[in-house]
Every structure is written in structure tokens, then in C-alpha cells.
Amino acid sequence: MTTPNKTPPGADPKQLERTGTVREIGSQAVWSLSSCKPGFGVDQLRDDNLETYWQSDGSQPHLVNIQFRRKTTVKTLCIYADYKSDESYTPSKISVRVGNNFHNLQEIRCKLH
């Protein structure tokens, strides 16, 4: 999602999109996962349904890679995680990394649960 102004934490991304405050740009990217169980992949991660989700199936780290075809400025990243629903699958650490390719990624943000 891109936004011209600072987005308040906890804001509803769908409401912000409806008002024109942000624009969803995930469809312009190629998404890949380090692993997933059948029926719990990229489609479920991106389908806007809070009842469906990505479920990894492999050793850590579990990665979501979002690659844009051309240089793209991303100002806001929205991630929904519901610890109360299933704490065993809720990440304890989320790291956001950016770069020109997979080999020069730099961590810009790390959030611990």
C-alpha cells in the first residue's frame, strides 16, 4: 500500500483505501513464500478474508517475498495477525527488508511480539 501522508497505527486499510488515503499496490508485485501447506498459500494470504491465511510448512525462517517488477516506493505496509485466534502460528518477530535484489536486502524495521 502506498500513502501520501502518515497513516495512523491501527487504521483500517480498507477504509483508508475507500477514502483515497492509500492505494493497494500488492497486485503489481510477484509474491512468493518460503513454504506453505496445500490450500494455505499466497492466494489465501492476499484474499482479504480474515478467515483464511498463509500457513508455512517447513523450517524457519518463514518468509514472504514481495518483488515489484520496477522500483516502487512503499510507504505503508499493513499486516494482520491475530494472536488470540492461534498463538502457535502468530509470528513472534516480523522483519521488513528492502533492496534491489534478494542478495542486497537491508532490514529497515523489526517488530517483536
_Minimum-distance pair of heavy atoms, taken over all atoms of Trp54 and Ser35_ = NE1-O, 2.8 Å

*asked:* Looking at every non-hydrogen atom in both residues, tell me the closest pair between Val42 and Leu33 and how far apart they are.
replied: N-CD1, 3.4 Å

*Flag yes if more than 12 heavy atoms outside Gln15 fall under 6.0 Å of its CD atom; otherwise flag no.*
yes

*Any idea which heavy atoms bring Glu107 and Arg97 closest together, and the distance?*
CA-CG, 3.7 Å

_Rounded distance (nearest 0.5 Å) linking atom OH of Tyr80 with atom CG of Leu50_ = 5.0 Å

*Taking all non-hydrogen atoms of both residues into account, name the closest pair between Asn100 and Lys71 and its distance.*
OD1-CE, 4.1 Å

*Can you name the side chain to side chain contact (heavy atoms under 4.5 Å, CB included) partners of Thr52, sequence neighbours left out?*
Gln44, Asp47, Asn49

*Return the minimal non-hydrogen interatomic distance between Ser34 and His62, and the atom names on each side.*
OG-CA, 3.4 Å

*What do the steps show when you test Leu16 against Thr76 for side-chain contact (heavy atoms from CB on, under 4.5 Å), and what is the final call?*
CA-CA 11 Å; Leu16 294 172; Thr76 302; over 6 Å; no

*Output all residues satisfying salt bridge (Lys or Arg N to Asp or Glu O under 4.0 Å) with Asp12, sequence neighbours left out; order by chain, then residue number.*
none

*Which atom pair, heavy atoms only, marks the closest approach of Phe68 to Ile25?*
CE2-O, 3.4 Å

*Going hydrophobic residue to hydrophobic residue with side-chain gaps under 4.5 angstrom, can you get from Leu77 over to Leu105?*
no

_If I take atom CD from residue Glu24 and atom CD from residue Glu17, how far apart are they, to the nearest 0.5 angstrom?_
6.0 Å

